[in-house]
Amino acid sequence: MNRTQVPSGTARAVRVAAGDLVRVVDVEGGQVGDVFAFTDTGAELAEQHSAAHTRAGIDRLFPVVGESFLTDLRRPILTLVEDTSPGEHDMLVPACDPARYAALGAPGHRSCAGNLREALGEAGLGFPGPTPQPINVFMRVPVGEGGHLSWLTASSRPGDAVTLRAELDCVVVVSACPQDLVRISDAGLTPLAIETIPFGGTPS
């Protein structure tokens, strides 16, 4: 098993082969993470996880254990195989970006959209398209009466994790969301970790 630390407010990218496991760990608890996935076909990333196609494919707002996240070509790219957190995640809200922080009066603030480009660049990868809608792990945005969304603080505990199985060779990017103006993460910003377990390996 390999473990990649994701410092608070930043992102890291990992490459995994089909059959490998990817575990996103909330190290200290209460931290939202934005997860992005792309098929690994070289220096340019074209096919990507799609929240909209996933919702249409599974007929729910977020997969349960045993269900897959789909790409924009409607192919399974990741399957949720284990979730030790309270199970509150989001796939409705876009990644925070410079425009979001400018509207909140904080121009120049770090963002998950920027973190994605930065992490891909550090991995020698390019992505020319718009920022995909992420898999927001540990993020609590319940849908209430009349379709109203509530922005609640993450309830994940130290060491809580979601484990995903790669269905295709892919690049997975995890951003420890830097949003500290809307309190979606508890007690300030904290790190995440990415654990990768090769196909046939034993999680430790």
Side-chain angles (χ1 to χ4, degrees), residues 1-27 31-51 53-54 68-73 75-81 89 91 93-98 100-101 108-139 161-179 185 189-201 203-204:
M1 180 182 72
N2 294 318
R3 185 177 174 100
T4 300
Q5 298 293 333
V6 184
S8 60
T10 71
R12 295 292 184 270
V14 297
R15 275 186 152 116
V16 291
D20 292 352
L21 299 179
V22 183
R23 180 180 294 134
V24 182
V25 184
D26 189 351
V27 177
Q31 174 62 47
V32 167
D34 284 33
V35 180
F36 305 88
F38 306 84
T39 55
D40 190 1
T41 56
E44 289 294 333
L45 304 173
E47 189 177 356
Q48 62 199 282
H49 158 260
S50 168
H53 290 82
T54 300
S68 295
F69 299 90
L70 306 183
T71 71
D72 51 353
L73 297 182
R75 297 198 297 166
I77 186 169
L78 298 169
T79 296
L80 182 61
V81 296
H89 311 289
M91 221 164 46
V93 175
C96 59
D97 53 27
R100 170 69 161 151
Y101 290 108
H109 196 288
R110 290 192 69 90
S111 69
C112 286
N115 286 350
L116 169 65
R117 310 286 173 168
E118 187 177 274
L120 290 176
E122 290 174 352
L125 298 167
F127 180 67
T131 303
Q133 188 171 348
I135 302 165
N136 294 311
V137 294
F138 315 126
M139 186 170 179
V162 293
T163 304
L164 308 162
R165 183 180 65 242
E167 303 299 345
L168 303 166
D169 294 348
C170 59
V171 177
V172 176
V173 178
V174 177
S175 175
C177 184
Q179 175 61 272
S185 293
L189 304 180
T190 55
L192 299 174
I194 311 169
E195 297 176 349
T196 55
I197 302 124
F199 177 70
S204 60

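Given the structure is predicted, the values throughout are model-derived calculations rather than measurements. Positions are given from 1, in the same order as the sequence printed here.
- Here the closest non-hydrogen pair linking Gln5 and Ala193 is OE1-CB, 4.2 Å.
- Heavy-atom minimum distance, Ala176 versus Val6: N-CG1, 3.9 Å.
- Ser50 has its side chain out of reach of Gln133: every pair of non-hydrogen atoms, C-beta onward, lies at least 4.5 Å apart.
- Looking only at side-chain heavy atoms (C-beta outward), Cys170 and Val16 come within less than 4.5 Å of each other.
- The nearest pair of heavy atoms linking Leu189 to Pro178 is CD1-O, 3.5 Å.
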Show the numbers, then the answer: is there a side-chain contact (heavy atoms from CB on, under 4.5 Å) between Thr190 and Val27? CA-CA 8 Å; Thr190 55; Val27 177; over 6 Å; no

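- Nearest heavy atom pair, residue Val173 against residue Ala11, reads CG1-CB, 4.1 Å.
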Verdict with supporting geometry, Ile135 and His89, side-chain contact (heavy atoms from CB on, under 4.5 Å): CA-CA 8 Å; Ile135 302 165; His89 311 289; 5.9 Å; no

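- Looking only at side-chain heavy atoms (C-beta outward), Gln179 and Val32 stay at 4.5 Å or farther from each other.
- The distance from atom CG of Asn115 to atom CG of Asp97, rounded to the nearest 0.5 Å, is 11.5 Å.
- With Arg15 as the partner, the side chain to side chain donor-acceptor pair (under 3.5 Å) test is satisfied by one option alone out of Asp20, Asp169, Thr196, Asp40: Asp40.
- Atom CZ in Arg165 sits 7.5 Å away from atom CG in Leu21 (nearest 0.5 Å).
- The six-membered or imidazole ring of His49 lies away from that of Phe38, with a centre-to-centre distance of 6.0 Å or more.
- Looking only at side-chain heavy atoms (C-beta outward), Leu80 and Leu164 come within less than 4.5 Å of each other.
- Across every non-hydrogen atom of Ala13 and Ala123, the tightest pair is CB-CB, 4.3 Å.
- To the nearest 0.5 Å, the span separating CG on Asn2 from CD1 on Ile194 amounts to 11.0 Å.
- Pairing each heavy atom of Ala95 with each of Thr131, the nearest pair is CB-CG2, 4.1 Å.
- Under the 3.5 Å distance criterion, the side-chain polar atoms of Arg110 are left unmatched by any main-chain donor or acceptor of Cys177.
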When you look at Leu192 and Asp26, which way does the side-chain contact (heavy atoms from CB on, under 4.5 Å) test go after all the steps? CA-CA 5 Å; Leu192 299 174; Asp26 189 351; 4.0 Å; yes

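- The OG atom of Ser111 lies 9.5 Å from the CD atom of Glu118; values are rounded to the nearest 0.5 Å.
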Verdict with supporting geometry, Glu47 and Asp72, side-chain contact (heavy atoms from CB on, under 4.5 Å): CA-CA 6 Å; Glu47 189 177 356; Asp72 51 353; 3.4 Å; yes

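- Residues Leu116 and Pro132 have side chains in contact (heavy-atom distance under 4.5 Å, counting atoms from C-beta outward).
- From Leu70, atom CG reaches atom OG1 of Thr79 across 9.0 Å, with rounding to the nearest 0.5 Å.
- Rounding to the nearest 0.5 angstrom, the gap separating the CG atom in Leu78 from the OG1 atom in Thr71 is 10.5 Å.
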